[in-house]
Number of protein chains: 2
Amino acid sequence: MALELDRCGSTCIHEEAVKEVQQAMLDEDAAVSLAELFKALGDPTRVKILFALMTRELCVCDTALVIGVSESAVSHQLRILRTLRLVKFRREGKTLFYSLADSHVKELFAQGLEHIME
Amino acid sequence: MALELDRCGSTCIHEEAVKEVQQAMLDEDAAVSLAELFKALGDPTRVKILFALMTRELCVCDTALVIGVSESAVSHQLRILRTLRLVKFRREGKTLFYSLADSHVKELFAQGLEHIME
DNA sequence: ATAACATATGAACAGATGATCATATATGAT
DNA sequence: ATCATATATGATCATCTGTTCATATGTTAT
């Protein structure tokens, strides 16, 4: 506590700015949750999986073929995406069809692509 | 190439689905760029930095104080955010004031928080 | 029950990541 | 020029990540 307050020397702190920002600041849990969500979107394989699912639902095997990685790798990544409720699935016989859980991914990708192409 | 096509056995492939998705598919570069962007947002420290900067511009020292990490750590993370053009800065004497580069971060955070609180 | 198929899971390993510490750069004051 | 301040950078290291390979689970058909 005291350590953190001292760290900066004290000469360079703009008190008003710090207070203003601290009041509007995100709490730790929210920051961690947000980071977890974005981290899940922060891998090319998972981006491809999600983008593929934007077009239509796909089984694991087809997904693996489309994005060019092993089925095991896809399955591992889908587990992560499931945990964060980014995808859902339905069973049809031996096959599991995965799809986007809600529209947030589409919106996030749209914003993300906008930024990249700026 | 041939390896990838064989990998799935061939029995489980739904050809139409695969073709339909492949046509709409993101190219490799775009997938990597998108992933890089989201990866940059996928760390609690960087989330806090960006969220803090949503309120107002801040110098490195104040940022470090607000989010409770060392100035060096903040500087390192700001470098990553600068590289991805998520933040920009202006100099005033010895002090560098960082701010959000554009409005995409706000939109992304808004969507992200919506998803988390669903 | 057995076999085949679709997917999931666990272990393991190489590569990436983020904080820390030490050092360097840049600006302003003396 | 020297010094103090604000920030940046490089090296190091423990931890995390994603793929692979081997194995397990669950479903359908025989």
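Proteins get letters first, then strands, A, B, ... in listed order; numbering begins at 1 in each.
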How many Å lie between CD on E57(B) and P on dT7(D), as a whole number? 12 Å
From the options dA8(C), dT20(C), dT19(D), select the nucleotide whose nearest atom is closest to the side chain of A73(B). dT20(C)
Rounding to an integer number of Å, can you tell me how far K94(B) NZ sits from dA8(D) C1'? 16 Å
Roughly, in whole Å, what's the span from CG in L96(B) to C1' in dT9(D)? 14 Å
Base, sugar-phosphate alone, or nothing: which one does T95(B) contact when heavy atoms must sit under 4.0 Å apart? sugar-phosphate
Under 4.0 angstrom between S72(B) side-chain N/O and dA19(C) OP1 or OP2: no
Whole Å only: how far is the CG atom of D43(A) from the P atom of dG18(D)? 5 Å
So, T63(A) side chain and C59(A) main chain: donor-acceptor pair closer than 3.5 Å or not? yes
Would you compute the distance between atom CZ of F109(B) and atom CG of L100(B) and round it to the nearest 0.5 angstrom? 8.5 Å
Go through the steps to decide whether Y98(B) and R90(B) satisfy the test side chain to side chain donor-acceptor pair (under 3.5 Å), and finish with yes or no. CA-CA 7 Å; Y98(B) 279 85; R90(B) 68 181 181 85; over 6 Å; no
Among dT19(D), dT20(D), dG10(D), the one nearest H76(B) by side-chain distance: dG10(D)
Which part of the nucleic acid, if any, lies within reach of F97(B) when heavy atoms closer than 4.0 Å are counted: base, sugar-phosphate only, or nothing? nothing
Assign each of R79(B) and G93(A) to its nearest nucleotide of DNA chain D by heavy atoms, then name whichever residue's nucleotide is nearer the 5' end. R79(B)
Check the distance between dG10(C)'s P and Q77(A)'s CD and give it to me in whole angstrom. 15 Å
May I ask you to evaluate whether Y98(B) reaches the phosphate of dA6(D), defined as a side-chain N or O under 4.0 Å from OP1 or OP2? no
OP1 or OP2 of dT19(D) versus the side-chain N and O atoms of S70(A): is any pair under 4.0 Å? no
Just to confirm, is there a sub-4.0 Å distance from OP1 or OP2 of dT17(C) to any side-chain nitrogen or oxygen of K39(A)? no
Under 4.0 Å, heavy atoms only, any strand: does F89(A) hit a base, just the sugar-phosphate, or nothing? nothing
For atom CZ of R79(B), decide whether the heavy atoms of other residues, nucleotides or ligands shown that lie under 6.0 angstrom number more than 12. no
Whole-Å distance separating the CD1 atom of I80(A) from the C1' atom of dG18(D): 8 Å
From NE2 of H14(A) across to P of dT5(D) the rounded distance in Å is 15 Å
If I take atom CD in residue E92(B) and atom C1' in nucleotide dA6(D), what distance separates them, rounded to the nearest angstrom? 13 Å
Taking only the side-chain heavy atoms of R91(A) (C-beta and beyond), determine which of dA8(C), dG26(D), dT17(C) contains the nearest atom. dG26(D)
Given dG18(C), is OP1 or OP2 found less than 4.0 Å from the side-chain N or O atoms of R46(B)? yes
Would you say the ring centers of F97(A) and H14(B) fall short of 6.0 Å from each other? yes
